[in-house]
Structures are given as structure tokens and as C-alpha cells.
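Inspection log for the structure reproduced underneath, given as C-alpha cells.
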Amino acid sequence: MSLLALSKIAWVLGVISWFVLRLPFERKARRMKVQDARHRTAREMALLSISTLGLGVIPAVYAATGFPGALSYAPAPAQVVAGVAVFLAALWLFWRTHTALGRYWSVTLEIKDRHELITSGVYAKVRHPMYSAFFLWALAQALLLPNLLAGLSGLVGFGTLFFFRVGREEKMMREAFGAKYDAYMARTKRIIPGIY
Ligand code: SAH
């Protein structure tokens with residue numbers, strides 16, 4: 001089997017693992033009553049679509065068909081090995097964030113009934129560890145898919161969601177948790193411990 005085929009398979013397995021890993025948490029979170037869904041707007045849906053396009057649709061089309069062929073290049077073995085390692089790190093972090101956040105997790109921005117602020121586990125290191133995990137996934141995609149469009153679409157797609165959402169999410173959390181969230185913000189960074 002070619003290195004290209006192997007790295008495409010690694011990407012597919014990574015995405016499937018992420019999906020399976022999320023299933024039980026999704027079921028748990030769905031049982032929670034939502035208290036504040038004001039932030040679940042058309043804008044949020046558009047951002048989610050852009051992210052899905054970049055992390056899912058565009059790379060899937062490339063993996064299946066090789067399109068757009070003109071933007072492909074020969075993969076280096078070290079690049080594929082690094083891609084697998086980064087995807088594994090992303091999956092580990094997804095698992096830790098879901099375990100810590102439990103029922104308070106949601107796809108869009110919302111506050112649940114009796115929502116509690118989580119500041120332990122990986123949430124003690126950064127405020128948005130799940131978004132860190134998505135960036136790691138996007139980085140793994142760039143390493144595993146040797147195509148300029150399909151490789152970089154994840155970083156662009158998720159990056160768009162992140163930068164247009166994170167400020168609003170923090171505003172929503174400050175409204176819900178007040179001084180507690182201010183204090184949490186004062187002692188943590190967003191996605192990279194100690195840096196950003
Ligand atoms: N931004 C976080 C969570 C993503 S899930 C991360 O990257 O890890 C999005 C939902 O998580 C939001 O709707 C919000 O209600 C909830 N949330 C975000 N940070 C939280 C925290 N520290 N404690 C509890 N819930 C949180």
C-alpha cells in the first residue's frame with residue numbers, strides 16, 4: 001500500500017474515532033434541559049457549517065477522489081508519522097474535555113439548567129481545551145493529507161469558527177457566572193497553556 005493511501009486511511013480512522021468517542025457524551029448532554037439558547041443563532045449555524053466543511057466535507061472529497069489533483073504533492077514519511085501522533089493527541093484531549101465537561105457540553109453556545117462552571121482537569125490548564133483539541137485535529141489533517149486545499153481547509157474552517165465564537169462564548173459565560181468566570185479568566189489562557 002502506498003504512503004498516500006496509508007495517510008488517508010489514518011485520517012479517516014481519526015475522524016471515525018472522534019465520532020465514536022463523542023457518541024456517549026452526546027447522549028448524556030442531550031438529556032439536559034437548556035436554560036439559555038439565545039446564543040444558538042443563525043450565525044452560529046453558519047460557523048458550524050464552515051467548520052464542518054473544512055474538517056469533514058472538503059478532506060473527505062479529497063480522500064475519496066484526489067480532488068483537487070493540481071494542489072497535491074508527494075507526502076514525506078515523517079509528515080505522516082507526525083500526523084498520526086498529533087491526531088492521537090487530539091483524540092486524547094477530546095476524551096479528557098468530554099470527561100471533565102460532562103453534561104454541560106453542547107455543539108452550539110448554550111447554558112443548561114443548573115449549569116456549573118468547570119475549572120478542573122484539562123479545564124484547569126486552559127479555558128477552551130476542546131477547541132485546542134480541534135486545532136490539533138486540524139493540524140493532523142494538514143500533516144496527513146498532502147493536498148494544499150484539503151490539508152489546510154481544517155485550519156481555515158475551524159479557525160473561522162473559533163475566532164468568531166470564542167469572544168461571544170466568554171461573554172456568555174461571564175453573564176452566567178460573573179466574578180467566578182472573571183477569576184477563571186484571570187488565571188487561564190484560551191487554548192495554549194501560558195501562551196494564548
Ligand atoms: N469552549 C469550551 C467548551 C466547548 S463546548 C472548550 O473548548 O473546551 C461549548 C459549551 O461549553 C458552551 O455552550 C458552554 O455552555 C460550555 N462551557 C464552556 N466552558 C465551560 C466551563 N468552563 N464550564 C462549564 N461549561 C462550559
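Only this structure's heavy atoms are used, side chains among them; waters, hydrogens and symmetry mates stay out. Everything numeric here is computed off the predicted structure, so don't read it as measured data. Indexing begins at 1, ligand by ligand and atom by atom, following the structure's order.
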Hey, do the aromatic rings of Phe162 and Phe135 have their centres closer than 6.0 Å?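 Yes, ring centres under 6.0 Å apart.
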
Can you give me every donor-acceptor pair (side chain of residues 59-72, partner residue at least two apart or in another chain, under 3.5 Å) with its distance?
| unit_1 | atom_1 | unit_2 | atom_2 | d |
| --- | --- | --- | --- | --- |
| Thr65 | OG1 | Val61 | O | 2.7 |
| Thr65 | OG1 | Phe67 | N | 3.1 |
| Ser72 | OG | Asn147 | ND2 | 2.9 |

Residues His98 and Arg22: side-chain donor-acceptor under 3.5 angstrom: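 Side chains of His98 and Arg22: pair found under 3.5 Å.
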
Closest non-hydrogen atom pair, Thr108 against Glu44: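 Looks like CA-OE1, 4.2 Å.
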
Listed partners of Arg127 passing side-chain contact (heavy atoms from CB on, under 4.5 Å), at least two apart: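 Scan of Arg127 (side-chain contact (heavy atoms from CB on, under 4.5 Å), adjacent residues dropped) gives Glu170, Tyr181, Tyr184, Met185, Thr188, Arg190.
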
Does Leu53 have any side-chain contact (heavy atoms from CB on, under 4.5 Å) partners at least two apart in sequence or in another chain, and if so, which?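 By the side-chain contact (heavy atoms from CB on, under 4.5 Å) rule, Leu53 matches Val57, Ile58.
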
Got the residues with a heavy atom under 4.0 Å of ligand 1, by chain and number?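 Residues Leu101, Tyr104, Trp105, Ser106, Thr108, Leu109, Glu110, His115, Glu116, Leu117, Ile118, Tyr123, His128, Pro129, Met130, Tyr131, Glu169, Met172, Met173, Tyr184 each place a heavy atom under 4.0 Å from ligand 1, listed by chain and number.
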
